[in-house]
Structure formats: structure tokens, C-alpha cells
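These notes concern the structure reproduced below.
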Amino acid sequence: MPPSFGDKDYWDARFAKNSSQFDWLLPADALDGPITQALASAPSNDEPHILHIGCGTSLLSFHLRDLVRSPSQIHNVDFSAIAIDTGKTYEATESRPERMRWTAADLLSLDDILTLRVPGAGEATGSYNIILDKSTADAISCAEDVPVHLPYALTTESERIQHSSSRTAPAHPLYLLTLHMAFLAPPGGRWIVLSYSNTRFSFLTSQKAEDQLISDSMIDTGFINPQLLWKVVGEEALDAPQVETGDKCAVGRPLVKHTLYTLLRTDVQVTLRPC
């Protein structure tokens, strides 16, 4: 059986057993190019905020400080409180006067998403100009469907619900993540994703029914179509590190590729549905 990447207990056990710093897929500086571009495109009248989801014990959290003016611009989030405590403890050993923000949160829980907004932002949405994701979308896509109440608590001004009756339906975790990240990113914000899959966001670019992860009936009864919220503006294949095994048969082994996605937040506003 494959690892239970969608289960909190799996990650708690993993980080409890091994808290050493580790980066998934590629080194911490692999995202420097798109991060630098995203920082340059952020509004010049404010310091851009970065949400690093699924931070784990990645070196990326600490590498990001070299790319911004202040560590306070960086918010590291993970499913596992053990990973968050490890990062906070490591940072506390340093002499820097400012600290990054660290939060244990379930990215599929709207209640947890509401706690991630930048302090002082009040009820404003779109707190983060940049969202960083090194294989977190991959892990979340392995989770079980999430029962959600429809109409969902997040809505858009242009939403037109065709059926007024409420119901509960299963939402694919990647669709729910996409919606929640749209709530936290302003128009023009960027979601930078390093994934082992070259089809991770096919549901955003394809009109084929087989590429969609939720039914039209869910959208008709109050779940936002994620194609309205994000556009895939960059998709680059990157060579994965080759493992040296000493096996002569490995000479003809195909190169493994990872995919670097850049998603651009559209102008469609996402707000909390009035009670």
C-alpha cells in the first residue's frame, strides 16, 4: 500500500521519527526564478506576503528569507504541528530579531483557512501575493473526498445558484484546496507549485469531462468552478535528481521529470457567503 499522504497521523509519525531538514523533489532554491518574478510583479506600495503551504521541515522556509526584506513576510503552514514546532524551534536558535509566522492548519478546513489571514487584515481576503507549494498539492490529492455543505461558505459575486435546496456532497480535496487558496490570494497573486505530476492541474485547463473532479451539479448548487479563479500561466518540466545506484542497467533509464506550475489568480472575487 502507498503511504497515506492525505492523513495527518502519517505526517505526525514521519516528523516525530525524523525531524531533520528535508526538501521534496528538488532543492530549496529550485523555485527562485518564479518567486523572484512574482515578488517583482507584486504591488510596489506594500511588502508582499508569502504563504508557504506544506512547509514540513523544508529548507525552503529559511531560504525564503534571503528573497524578502523581512522574515515577517513569510508564513509557514503545515498539517503537522510537530513539523511546525520543529521549524519554530530551529528558528529560535538563530540571532535574527524578526521571526517568520508558523501555523499548524488543515488546508481543507475553511475554519483553519480563516485563521491564516495576515494579522491586521480584518475581514479582507487576498492576504498573500505568493503561495508556494512543493508537492503539497500532490499529497492533498491523495486524501479522501471532503464532505461539504452546499451552497458552500465561499462564493463569488457572479454566482448563480440554480437550485436553492441545501445538501451535503463530497468535494475532491484538490478542488477544495484550489478554492481555499483563491480566497487567500488577491487578483494577480501567484501560486507556484512544484509537482511530480504533469497533469496535476489539468482540471483548470481542460474542458473534458474526464479531467473534472466534481460534477456540474455541485457547481449548480453552490460550489465555485475553480476554472474561474486560477489560470495556468506557466508549466515547465524540470529534471529530477538522478539517483546513483551503481547498476549498469540504469544507463538506459528514462529521465524523471517534475513539473513547475505558475498559477495566476483571476479578478473574480471570493468572499464569505452571508449568513
Side-chain angles (χ1 to χ4, degrees), residues 2-11 51 53-54 77-80 103-117 125-128 131 133 135-185 189 191 193 195 197 199-232 261 263 265-266 268-275:
S4 302
F5 291 130
D7 293 338
K8 182 177 180 295
D9 289 344
Y10 167 82
W11 292 109
L51 181 66
I53 61 174
V77 176
D78 199 88
F79 204 8
S80 171
T103 303
D106 179 357
L107 296 176
L108 301 183
S109 164
L110 182 57
D111 287 340
D112 283 9
I113 289 296
L114 294 177
T115 70
L116 299 183
R117 290 176 291 186
T125 61
S127 299
Y128 298 94
I131 299 171
D133 172 349
S135 207
T136 298
D138 294 336
I140 282 180
S141 68
C142 298
E144 299 291 332
D145 285 356
V146 181
V148 298
H149 180 76
L150 299 176
Y152 195 55
L154 296 180
T155 185
T156 69
E157 293 181 354
S158 60
E159 181 185 46
R160 296 291 182 268
I161 300 177
Q162 297 182 11
H163 307 286
S164 58
S165 59
S166 62
R167 67 187 181 100
T168 300
H172 190 283
L174 193 54
Y175 263 49
L176 197 55
L177 176 68
T178 304
L179 175 54
H180 287 171
M181 294 302 99
F183 178 69
L184 293 176
W191 183 5
V193 183
S195 171
S197 172
T199 60
R200 181 59 64 217
F201 293 101
S202 58
F203 65 93
L204 292 178
T205 59
S206 173
Q207 300 302 320
K208 297 179 180 179
E210 59 266 28
D211 290 329
Q212 304 309 305
L213 305 176
I214 58 172
S215 63
D216 290 340
S217 64
M218 282 194 68
I219 295 174
D220 292 343
T221 51
F223 193 89
I224 305 172
N225 184 344
Q227 290 188 342
L228 299 175
L229 307 176
W230 295 99
K231 298 297 181 185
V232 179
Y261 297 94
L263 279 58
R265 183 70 173 84
T266 68
V268 176
Q269 296 285 347
V270 177
T271 60
L272 286 169
R273 189 182 299 277
C275 297

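Quantities reported herein were computed from a predicted structural model and do not represent experimental measurements.
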Can you find a heavy atom in the side chain of L229 that is under 4.5 Å from one in the side chain of L179?
yes
Side-chain heavy-atom pair L51, M181 within 4.5 angstrom cut-off
yes
When you measure from the side chain of [X] to the backbone N and O of [Y], does any donor-acceptor pair fall under 3.5 Å?
X	Y	value
R167	L150	no
R117	L184	no
Y128	L116	yes

Hey, could you give me the [atom1]/[atom2] distance between [X] and [Y], rounded to the nearest 0.5 Å?
X	Y	atom1	atom2	answer
L204	Y261	CG	OH	10.0 Å
I140	L107	CD1	CG	5.0 Å
L154	H180	CG	NE2	5.5 Å
T136	L177	OG1	CG	8.5 Å
L272	F183	CG	CZ	4.5 Å
I224	T156	CD1	OG1	5.0 Å

Distance-minimising heavy-atom pair for [X] and [Y]:
X	Y	value
A182	R265	O-NE, 2.9 Å
G222	R273	O-NH2, 3.7 Å
L110	A153	CD2-CB, 3.4 Å
K231	Q227	NZ-O, 3.4 Å
P173	A143	CG-O, 3.5 Å
T168	P147	CG2-CB, 4.0 Å

Does the gap between the ring centers of W191 and F201 come in under 6.0 Å?
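Centroid distance W191-F201: below 6.0 Å, so yes.
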Parallel, tilted or perpendicular: which describes the rings of F203 and Y175, with under 30° parallel and over 60° perpendicular?
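Geometry flag for Y175 against F203: tilted rings.
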Listing request: all side-chain hydrogen bond (donor to acceptor under 3.5 Å, both in side chains) pairs with a residue in residues 103-114, at least two apart in sequence or in separate chains.
H75-T103
